[in-house]
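Take a look at the structure set out below.
The figures that follow rest on heavy atoms only: side chains count, while hydrogens, waters and symmetry mates do not. Indexing begins at 1, ligand by ligand and atom by atom, following the structure's order.
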Amino acid sequence: MAVTDRFRTALDRLEPPPRAVDWSLFAFVVAEAVTGLVSFTVGVPEGWPLFWLHRALGLGIVALLGWKLARVRRRLTDPDLWQRSTALSVLTLVAALGAIGTGVAWVFGLDVRLSYWTLLSVHVGFGLALVPLVAAHAATRFRLPRRVDFERRRTAVRYFALLAAGGATYRLQQGVNDALDTAGADRRFTGSQPREGEGNGAFPITSWVADDPDPIDRDDYRLTVEGLVSDPVELTADELGAGHETEALLDCTSGWYTVQEWGGIRVGDLLDGAGDLDDDAAYVRFTSVTGYRWSLPIGEAENALLATHVGGERLSHGHGAPARLVAPDKRGFQWVKWVTRVEVRSEYDLGQWVVTLVSGFD
Ligand SMILES: Nc1nc2c(c(=O)[nH]1)N[C@H]1C(S)=C(S)[C@@H](COP(=O)(O)O)O[C@H]1N2
Ligand SMILES: [Mo]
């Protein structure tokens, strides 16, 4: 048998019953949205399985979509079979192909940039659009999953094989990328690509959604350190001098990373200057002049840096002057820029998840 025939036969063996294909597509898309979004919060290498799961599920969707299209092809190509719901089906297909296409192109290192939008941002857009579309599409042709569709002994094996094949394909791709030395070769476990060089000019200015404050006048700037401390203080920009230096890696969820030498004041030292901590102290919250904010558990916060310098240069406005948070092992969106308030708190700040999305909108 020719290799392609063998591959075909193997693929046929993996094909689940039609109704299982439909429900699996739905489940895989939801799982992709969850793994994709959660992966944005992972900054330490131990989190790698989540990224692999996302890739394997994505390739699983390619196979499932292939089976599905082979089955329903005529409903799309034959105008006599068009129904009202066909438009929704087509829209769902476009979003799915958009998410898959941008995902695969991203993996191969295609690097299209529209100001700070990268191919990865477009991938996220397609992916987020796909979830409600798939849900609505499933609702228009709703059929309960039957046990017989999933009951066969081979089902678990089949899904396992599907994901394993996805993982293997991704691994194979890494080899191809390395061999061809594409821009996809040199990436972190998060998928982010390097931005080389030192200082303000070496990496992009990125705001998560709409944050874009006016430059802060150094003479007017004050940083307050308050909350559960015995002696709250207010510091000027000059009082924040770059006494401490640390190398740290900034990994943005739009798909790039950079290693820089950051200079500033250790947050632990900053807190020492504000007297004693209350017994309830558990988190430190960093708030930007725009309202954007993030909290770190106090132990992590003490080792973080409030940076005034990068690569030996004073921070530029875009990168968060006069002071920005440098939080090693946290993703870029947690590195609050233009920090004006450091607060010791007893409670976790759930609101930060919403604020980072909406701050900057008037
Ligand atoms: N106040 C504020 N801080 C912010 C952001 C923002 O939008 N507002 N964006 C975050 C994101 S998404 C990243 S990746 C880093 C980027 O830092 P840079 O612009 O210095 O590259 O800043 C973070 N800090
Ligand atoms: Mo980011």
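- The closest approach between any non-hydrogen atom of F40 and ligand 1 is not below 4.0 Å.
- For ligand 1 and W335, the ligand atoms under 4.0 Å from any heavy atom of the residue are 22 (O), 23 (C), 24 (N).
- Looking at D78 and R73, no side-chain N of the basic residue comes within less than 4.0 Å of a carboxylate O on the acidic one, giving no salt bridge.
- Ligand-side atoms of ligand 1 in range of K337: 1 (N), 2 (C), 3 (N), 4 (C), 5 (C), 17 (O), 18 (P), 19 (O), 20 (O), 22 (O), 24 (N), range being under 4.0 angstrom from any heavy atom.
- Using a 4.5 Å cut-off between side-chain heavy atoms of Ile, Leu, Val, Met, Phe, Trp and Tyr, L249 falls into a hydrophobic cluster with Y257, V259.
- Proximity of F286 to ligand 1, defined as any heavy-atom pair under 4.0 Å, is not found for any part of the residue.
- Under the 4.5 Å side-chain contact rule for hydrophobic residues, L69 and W67 share a cluster.
- Contacts of Y292 with ligand 1, taken as heavy-atom pairs under 4.0 Å, involve the side chain alone.
- Contact atoms of ligand 1 toward C252: 14 (S) (distance under 4.0 Å to a heavy atom of the residue).
- Heavy-atom proximity to P204, at under 4.0 Å, picks out these atoms of ligand 1: 18 (P), 19 (O), 21 (O).
- Of all atoms in ligand 1, numbered sequentially from 1 with element shown, those under 4.0 Å from a heavy atom of I205 are 19 (O).
- Counting non-hydrogen atoms of neighbouring residues, nucleotides and ligands closer than 6.0 angstrom, the CD atom of E198 reaches no more than 12 such neighbours.
- Between W52 and F189, the ring centre distance reaches or exceeds 6.0 Å.
- A salt bridge links R341 with E343: at least one charged nitrogen is closer than 4.0 Å to a carboxylate oxygen.
- Each of the atoms 1 (N), 2 (C), 6 (C), 7 (O), 8 (N) of ligand 1 lies under 4.0 Å from some heavy atom of D211.
- In this structure, the protein non-hydrogen atom closest to atom 23 (C) of ligand 1 is G332 O, 3.2 Å.
- In terms of protein heavy-atom proximity, atom 22 (O) of ligand 1 is closest to R324 NH2, 3.3 Å.
- Summary of contacts: the protein heavy atom closest to atom 20 (O) of ligand 1 is H319 ND1, 2.6 Å.
- Every atom of ligand 1 is numbered from 1 in the order shown, and the set under 4.0 Å from a heavy atom of S207 is 6 (C), 7 (O), 9 (N).
- Atoms of ligand 1 lying under 4.0 Å from any heavy atom of F333, numbered from 1 in the order shown and given with element: 10 (C), 11 (C), 12 (S), 13 (C).
- Given atom 16 (C) of ligand 1, the protein heavy atom at minimum distance is T206 O, 3.6 Å.
- What sits closest to atom 7 (O) of ligand 1 on the protein, heavy atoms only, is W208 N, 2.9 Å.
- With sequence neighbours left out, D178 forms a side chain to side chain contact (heavy atoms under 4.5 Å, CB included) with A185.
- The OG1 atom of T340 lies 12.0 Å from the CZ atom of F286; values are rounded to the nearest 0.5 Å.
- At a 3.5 angstrom cut-off on N or O pairs, S288 counts as close to ligand 1.
- Proximity of G320 to ligand 1 is not established, as no heavy-atom distance is less than 4.0 Å.
- Salt bridge R158/E15: absent, no basic N to carboxylate O contact under 4.0 Å.
- By the 6.0 Å contact criterion, CD on E234 is enclosed, its count of non-hydrogen atoms from other residues, nucleotides or ligands being greater than 12.
- Taking a 4.0 Å cut-off on heavy atoms, Q334 fails to register as neighbouring ligand 1.
- Checking S207 against Y292 by side-chain atom types alone, no donor-acceptor pair falls below 3.5 Å.
- Under 4.0 Å from ligand 1, not a single heavy atom of S359 appears.
- A salt bridge does not link D272 with R266: none of the charged nitrogens is closer than 4.0 Å to a carboxylate oxygen.
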